[in-house]
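For reference, the structure discussed in these notes is given below.
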Amino acid sequence: KEVNPGIYNPLEKTGKGAVTPTGNKNQVNVPWTVTIAPKNEAEKLGAGWTYTDNFNCNQWYCANQYLTADQNNALEKAIKDAFKNAGLAEPKITFEKNTQQSEVRYGNFTITSSDGLEVGKSITFSYATTGTVSEDALNNQSQQQYSNNGRIDKFSKTASQEYTPDKPQK
(Lines give C-alpha, C1' and ligand atoms only; values in the text may rest on other atoms or scores of the structure.)
Protein backbone atom coordinates (compact mmCIF):
# COMPACT_ATOMS: atom_id res chain seq x y z
CA LYS A 1 0.00 0.00 0.00
CA GLU A 2 1.33 3.44 -0.98
CA VAL A 3 1.81 5.69 2.04
CA ASN A 4 1.56 9.44 1.54
CA PRO A 5 4.87 10.75 2.90
CA GLY A 6 3.26 13.82 4.46
CA ILE A 7 5.47 14.81 7.38
CA TYR A 8 7.39 11.53 7.17
CA ASN A 9 10.78 11.48 5.51
CA PRO A 10 13.71 9.16 6.36
CA LEU A 11 16.03 11.32 4.27
CA GLU A 12 18.11 14.23 5.55
CA LYS A 13 20.36 16.22 3.23
CA THR A 14 22.49 19.06 4.53
CA GLY A 15 25.22 21.36 3.38
CA LYS A 16 27.27 20.69 6.47
CA GLY A 17 30.36 22.79 7.04
CA ALA A 18 31.87 25.80 5.35
CA VAL A 19 32.44 26.14 1.62
CA THR A 20 36.21 26.59 1.29
CA PRO A 21 38.53 27.71 -1.53
CA THR A 22 40.63 24.99 -3.18
CA GLY A 23 43.59 27.19 -4.09
CA ASN A 24 42.25 27.63 -7.62
CA LYS A 25 40.45 31.00 -7.66
CA ASN A 26 37.54 29.55 -9.66
CA GLN A 27 36.94 26.50 -7.45
CA VAL A 28 35.67 25.74 -3.95
CA ASN A 29 35.00 22.58 -1.94
CA VAL A 30 31.29 22.28 -1.15
CA PRO A 31 30.54 19.82 1.73
CA TRP A 32 27.35 17.69 1.88
CA THR A 33 26.01 15.09 4.31
CA VAL A 34 23.31 12.51 3.62
CA THR A 35 21.51 10.58 6.35
CA ILE A 36 18.91 7.91 5.64
CA ALA A 37 17.24 6.85 8.89
CA PRO A 38 13.65 5.55 9.01
CA LYS A 39 12.04 6.71 12.28
CA ASN A 40 8.68 4.91 11.88
CA GLU A 41 6.87 2.31 9.74
CA ALA A 42 5.84 4.92 7.12
CA GLU A 43 9.52 5.65 6.47
CA LYS A 44 11.07 2.17 6.33
CA LEU A 45 12.51 1.16 2.99
CA GLY A 46 11.97 -2.23 1.36
CA ALA A 47 14.68 -4.24 -0.37
CA GLY A 48 15.71 -2.75 -3.69
CA TRP A 49 15.33 0.92 -2.69
CA THR A 50 17.28 3.51 -4.66
CA TYR A 51 18.77 6.82 -3.57
CA THR A 52 19.53 9.40 -6.28
CA ASP A 53 21.74 12.41 -5.60
CA ASN A 54 21.51 15.32 -8.01
CA PHE A 55 23.80 18.31 -7.67
CA ASN A 56 22.83 20.03 -10.90
CA CYS A 57 25.59 18.38 -12.87
CA ASN A 58 24.26 17.12 -16.16
CA GLN A 59 26.25 14.65 -18.19
CA TRP A 60 27.51 17.01 -20.84
CA TYR A 61 28.82 19.91 -18.78
CA CYS A 62 28.87 19.96 -14.94
CA ALA A 63 29.14 23.76 -14.92
CA ASN A 64 28.18 24.55 -11.31
CA GLN A 65 29.54 21.59 -9.32
CA TYR A 66 30.98 18.15 -9.90
CA LEU A 67 33.16 15.43 -8.37
CA THR A 68 36.83 15.11 -9.27
CA ALA A 69 38.21 11.57 -9.61
CA ASP A 70 39.62 11.76 -6.04
CA GLN A 71 36.30 13.06 -4.64
CA ASN A 72 34.45 10.34 -6.54
CA ASN A 73 36.69 7.62 -5.05
CA ALA A 74 36.34 9.06 -1.52
CA LEU A 75 32.55 9.22 -1.87
CA GLU A 76 32.30 5.64 -3.12
CA LYS A 77 34.35 4.46 -0.10
CA ALA A 78 32.22 6.57 2.31
CA ILE A 79 29.01 5.03 0.93
CA LYS A 80 30.33 1.46 1.14
CA ASP A 81 31.59 2.08 4.70
CA ALA A 82 28.19 3.54 5.73
CA PHE A 83 26.36 0.46 4.43
CA LYS A 84 28.86 -1.86 6.14
CA ASN A 85 28.45 0.04 9.45
CA ALA A 86 24.66 -0.37 9.17
CA GLY A 87 25.06 -4.14 8.66
CA LEU A 88 23.83 -3.98 5.05
CA ALA A 89 25.20 -5.61 1.91
CA GLU A 90 27.43 -3.46 -0.30
CA PRO A 91 25.19 -1.40 -2.59
CA LYS A 92 25.38 -0.86 -6.33
CA ILE A 93 26.69 2.70 -6.98
CA THR A 94 26.47 4.40 -10.36
CA PHE A 95 28.09 7.75 -11.19
CA GLU A 96 27.46 9.89 -14.26
CA LYS A 97 30.79 10.45 -15.98
CA ASN A 98 31.52 13.55 -18.05
CA THR A 99 34.44 13.62 -20.47
CA GLN A 100 33.61 16.92 -22.21
CA GLN A 101 36.08 18.87 -20.09
CA SER A 102 39.88 18.72 -20.05
CA GLU A 103 39.57 16.66 -16.85
CA VAL A 104 37.13 13.83 -16.20
CA ARG A 105 34.28 15.03 -13.99
CA TYR A 106 31.77 12.86 -12.19
CA GLY A 107 28.20 13.98 -11.71
CA ASN A 108 25.00 12.85 -10.11
CA PHE A 109 24.99 9.40 -8.57
CA THR A 110 22.60 6.58 -7.71
CA ILE A 111 22.80 4.01 -4.91
CA THR A 112 20.70 0.82 -5.04
CA SER A 113 20.44 -1.39 -1.97
CA SER A 114 19.54 -5.06 -2.14
CA ASP A 115 18.63 -4.84 1.59
CA GLY A 116 15.74 -3.02 3.19
CA LEU A 117 16.37 -0.29 5.76
CA GLU A 118 14.34 -0.84 8.90
CA VAL A 119 13.35 1.52 11.70
CA GLY A 120 16.35 2.02 14.01
CA LYS A 121 18.98 1.48 11.29
CA SER A 122 20.71 4.41 9.58
CA ILE A 123 23.16 5.24 6.85
CA THR A 124 25.19 8.47 6.95
CA PHE A 125 27.90 9.59 4.56
CA SER A 126 29.57 12.90 3.80
CA TYR A 127 31.34 14.15 0.73
CA ALA A 128 32.46 17.31 -1.04
CA THR A 129 31.82 18.47 -4.57
CA THR A 130 34.00 20.92 -6.45
CA GLY A 131 31.99 24.06 -7.01
CA THR A 132 32.87 26.46 -9.78
CA VAL A 133 32.92 30.17 -8.97
CA SER A 134 31.73 32.42 -11.79
CA GLU A 135 33.81 35.35 -13.02
CA ASP A 136 30.91 37.63 -12.04
CA ALA A 137 31.01 36.34 -8.44
CA LEU A 138 34.80 36.78 -8.34
CA ASN A 139 34.79 40.27 -9.83
CA ASN A 140 31.87 41.59 -7.76
CA GLN A 141 32.27 39.48 -4.60
CA SER A 142 28.70 38.34 -5.22
CA GLN A 143 27.20 35.23 -3.74
CA GLN A 144 27.53 31.91 -5.57
CA GLN A 145 24.79 29.34 -4.84
CA TYR A 146 25.17 25.54 -4.84
CA SER A 147 22.16 23.27 -4.61
CA ASN A 148 21.93 19.55 -4.05
CA ASN A 149 18.90 17.24 -4.01
CA GLY A 150 18.53 13.70 -2.69
CA ARG A 151 15.59 11.42 -3.49
CA ILE A 152 14.33 7.99 -2.50
CA ASP A 153 11.08 7.19 -4.30
CA LYS A 154 8.53 9.63 -2.87
CA PHE A 155 10.93 11.08 -0.29
CA SER A 156 13.06 14.08 -1.24
CA LYS A 157 15.32 16.67 0.44
CA THR A 158 17.17 19.64 -0.99
CA ALA A 159 20.09 21.46 0.60
CA SER A 160 21.92 24.61 -0.44
CA GLN A 161 25.28 26.16 0.27
CA GLU A 162 26.50 29.67 -0.48
CA TYR A 163 29.92 31.16 -1.07
CA THR A 164 30.98 34.79 -1.41
CA PRO A 165 34.54 35.30 -2.70
CA ASP A 166 36.88 37.58 -0.78
CA LYS A 167 37.84 40.87 -2.34
CA PRO A 168 40.96 40.34 -4.49
CA GLN A 169 44.23 41.50 -2.95
CA LYS A 170 45.78 44.51 -4.69
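Residues take their numbers from the sequence shown, with the count starting at 1.
Here the closest non-hydrogen pair linking Asn9 and Ser156 is ND2-O, 3.0 Å. In plain terms, the two heavy atoms of Pro38 and Leu117 that are nearest each other are CG-O, 3.4 Å. Smallest separation of non-hydrogen atoms from Gly15 and Trp32: CA-CE3, 3.7 Å. Nearest heavy atoms, Tyr51 versus Gly150: OH-CA, 3.5 Å. The minimum heavy-atom distance between Ala69 and Tyr106, with the atom names listed, is CA-CE1, 3.8 Å.
Side chain of Asp115 to main chain of Ala47: no donor-acceptor pair is present (N/O by atom type, distance under 3.5 Å, no hydrogens or angles). Of the possible polar contacts, one joining the Gln65 side chain to the Ser147 backbone as a donor-acceptor pair under 3.5 Å is found. Between the side chain of Glu43 and the backbone N or O of Val119, no donor-acceptor pair lies under 3.5 Å. Between the side chain of Glu12 and the main chain of Lys157, no donor-acceptor pair closer than 3.5 Å is present. No donor-acceptor distance shorter than 3.5 angstrom exists from the side chain of Thr22 to the backbone of Val28, with no hydrogens or angles considered. Side chain of Gln161 to main chain of Pro31: a donor-acceptor pair is present (N/O by atom type, distance under 3.5 Å, no hydrogens or angles).
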Evaluate the criterion side chain to side chain donor-acceptor pair (under 3.5 Å) for residue pair Thr129 and Gln71; output intermediate values, then yes/no.
-> CA-CA 7 Å; Thr129 56; Gln71 288 170 324; over 6 Å; no

Go through Asn64 and Gln145 one step at a time and tell me if the side chain to side chain contact (heavy atoms under 4.5 Å, CB included) criterion holds.
-> CA-CA 9 Å; Asn64 185 261; Gln145 181 91 19; over 6 Å; no

Worked verdict on Asn24 versus Thr130 for side chain to side chain contact (heavy atoms under 4.5 Å, CB included) | CA-CA 11 Å; Asn24 176 328; Thr130 295; over 6 Å; no

Verify side chain to side chain contact (heavy atoms under 4.5 Å, CB included) between Asn148 and Lys13, making sure each step is shown before the conclusion.
-> CA-CA 8 Å; Asn148 193 311; Lys13 176 88 186 193; 2.6 Å; yes

Please lay out, stage by stage, how Asn149 and Thr158 fare under the test side chain to side chain donor-acceptor pair (under 3.5 Å).
-> CA-CA 4 Å; Asn149 177 267; Thr158 299; 2.7 Å; yes

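With respect to Trp49, the side-chain contact (heavy atoms from CB on, under 4.5 Å) criterion is satisfied by exactly one of Ser113, Ser114, Pro91: Ser113. Each of Ile111, Asn108, Val34 was compared with Asp53 under the side-chain contact (heavy atoms from CB on, under 4.5 Å) criterion, and only Val34 meets it.
Taken from OG1 in Thr124 to CG in Asn85, the straight-line distance is 9.5 Å, to the nearest 0.5 Å. Atom CD of Gln144 is separated from atom CG of Asp136 by 8.5 Å, given to the nearest 0.5 angstrom. Atom-to-atom distance recorded for Leu45:CG and Ile152:CD1 is 5.0 Å, nearest 0.5 angstrom. With rounding to the nearest 0.5 Å, the separation of CD in Gln141 from OG1 in Thr164 is 9.0 Å. Considering CD of Glu96 and OH of Tyr66, their distance stands at 15.5 Å, rounded to 0.5 Å.
For Lys16, there are no salt bridge (charged side-chain N to carboxylate O under 4.0 Å, His left out) partners two or more places apart in sequence or in a different chain. Considering only residues two or more places apart in sequence or on other chains, Ser122 meets the side-chain hydrogen bond (donor to acceptor under 3.5 Å, both in side chains) condition with none of them. With sequence neighbours excluded, the residues that form a ring pair (Phe, Tyr, Trp, His ring centres under 6.0 Å) with Phe109 are Phe95, Tyr127. Residues meeting the salt bridge (charged side-chain N to carboxylate O under 4.0 Å, His left out) test with Lys121, sequence neighbours left out: none. For Asp153, the salt bridge (charged side-chain N to carboxylate O under 4.0 Å, His left out) test picks out no residue, with sequence neighbours left out.
Residue pairs meeting the salt bridge (Lys or Arg N to Asp or Glu O under 4.0 Å) criterion with at least one member in residues 65-82, sequence neighbours excluded, are Glu76-Lys80, Lys77-Asp81, Lys80-Glu90.
Residues Pro165 and Val133 have side chains in contact (heavy-atom distance under 4.5 Å, counting atoms from C-beta outward). Residues Thr52 and Thr110 are in side-chain contact: their nearest non-hydrogen atoms beyond the backbone lie under 4.5 Å apart. Between Phe155 and Ile36 there is no side-chain heavy-atom pair separated by less than 4.5 Å. Two residues are said to be in side-chain contact when any heavy atoms from C-beta on lie closer than 4.5 Å; Lys25 and Glu135 meet this criterion.
Enclosure of atom NZ in Lys92 is not indicated, since only 12 or fewer non-hydrogen atoms of other residues, nucleotides or ligands lie within 6.0 angstrom.
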